[in-house]
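Report on the following structure.
Residue numbers begin at 1 in each chain, while the letters A, B, ... track the order of the sequences.
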Amino acid sequence: EPEVTQTPSHQVTQMGQEVILRCVPISNHLYFYWYRQILGQKVEFLVSFYNNEISEKSEIFDDQFSVERPDGSNFTLKIRSTKLEDSAMYFCASGVGSYGYTFGSGTRLTVV
Amino acid sequence: GQNIDQPTEMTATEGAIVQINCTYQTSGFNGLFWYQQHAGEAPTFLSYNVLDGLEEKGRFSSFLSRSKGYSYLLLKELQMKDSASYLCAVRDGTGFQKLVFGTGTRLLVSP
């Protein structure tokens, strides 16, 4: 069964550093998403990406965040200057249309 | 705005049936999803309802009433491996169809 692949699985970074989280969505999918889940809390939407541009973003997705699809396969989330409160599990998801989303296994980001 | 409510925690016995309820109030609605999430792992898809009624898939069934803003997930013949969190998520009918999640229901299955 096709998978969404995320790397790295764990990342520890110092406050103020930049991090890039990487995702390889399922190849024929057209819609791409980033979500995050702070430990013990609900999954929260960050951003959706369609047709090579951001289609929607949440209040969480401020100027410190950016997304790119640098080639036909990768989809990245960059956090420019990490804060302690950015510590969370970050999930990439992709979908082909109106039915179903597949989530990646996540990147656990710890900011120290 | 979006508001999705689920019980925080439920317990059940192996072999039993459990029903996890979800109520929602959303500004736009284009379907309701149930996901299973084991601790430290990604959500995995269980079911999808967009029309009223019951969808059955093996040991799992999901029901939707759009007029009541209500759904439930029914798990039959519970197994120990069903111990997990169950997430109710509504697809926003506006914009680009993001999912809005409830806080999840942690289910503990005991022998």
Side-chain angles (χ1 to χ4, degrees), chain A residues 1-7 9-10 21 23 25-26 29-61 67 88-110, chain B residues 1-9 20 22-51 55 57 60 62 64 84-108:
Chain A
E1 192 170 324
E3 287 184 346
V4 174
T5 306
Q6 287 187 245
T7 55
S9 55
H10 292 87
L21 311 183
C23 169
I26 294 172
H29 284 186
L30 302 174
Y31 300 85
F32 312 109
Y33 305 85
W34 284 101
Y35 291 83
R36 81 170 185 191
Q37 187 175 30
I38 295 170
L39 187 64
Q41 298 186 23
K42 64 181 177 182
V43 177
E44 300 175 288
F45 168 75
L46 293 178
V47 66
S48 59
F49 193 86
Y50 171 74
N51 205 22
N52 288 320
E53 60 183 23
I54 290 174
S55 46
E56 188 175 359
K57 57 186 181 180
S58 72
E59 293 168 355
I60 303 167
F61 194 89
V67 289
M89 195 80 158
Y90 287 81
F91 294 109
C92 172
S94 69
V96 69
S98 60
Y99 183 87
Y101 306 78
T102 302
F103 282 79
S105 54
T107 294
R108 182 175 299 284
L109 176 65
T110 302
Chain B
Q2 319 269 12
N3 193 39
I4 300 171
D5 286 317
Q6 308 178 231
T8 305
E9 199 167 282
I20 302 174
C22 171
T23 57
Y24 65 88
Q25 294 167 306
T26 59
S27 51
F29 177 85
N30 192 17
L32 188 142
F33 292 76
W34 284 95
Y35 283 86
Q36 182 191 62
Q37 187 179 32
H38 285 99
E41 297 183 11
T44 53
F45 171 79
L46 290 178
S47 70
Y48 168 66
N49 296 69
V50 66
L51 299 176
E55 294 282 341
K57 209 173 175 182
F60 296 84
S62 57
L64 176 67
S85 287
Y86 291 84
L87 314 182
C88 173
V90 170
R91 182 160 61 194
D92 187 351
T94 62
F96 277 80
Q97 318 265 318
K98 66 179 183 287
L99 293 179
V100 180
F101 284 85
T103 50
T105 298
R106 192 162 55 243
L107 174 66
L108 179 63

Once you round to the nearest 0.5 Å, how far does NZ of Lys42(A) lie from CD of Gln6(B)?
->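 Between atom NZ of Lys42(A) and atom CD of Gln6(B) there are 10.0 Å.
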CD of Glu3(A): more than 12 outside heavy atoms within 6.0 angstrom?
->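 Not more than 12 within 6.0 Å, no.
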For Leu99(B), does its backbone N or O pair with a side-chain atom of Tyr101(A) as donor and acceptor, under 3.5 Å?
->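 Checking the backbone N and O of Leu99(B) against the side chain of Tyr101(A), no donor-acceptor pair under 3.5 Å is found.
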Atom of [X], atom of [Y] and distance for their closest heavy-atom approach:
| X | Y | value |
| --- | --- | --- |
| Phe103(A) | Pro43(B) | CB-O, 3.7 Å |
| Ser105(A) | Ala42(B) | CA-CB, 3.8 Å |
| Phe91(A) | Glu41(B) | CZ-O, 3.6 Å |

Structural part of Gln37(A) lying under 4.5 Å from a heavy atom of chain B =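 Only the side chain of Gln37(A) comes within 4.5 Å of chain B.
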At a heavy-atom separation under 4.5 Å, does Ile4(B) approach chain A through its side chain, its backbone, both, or neither?
-> neither
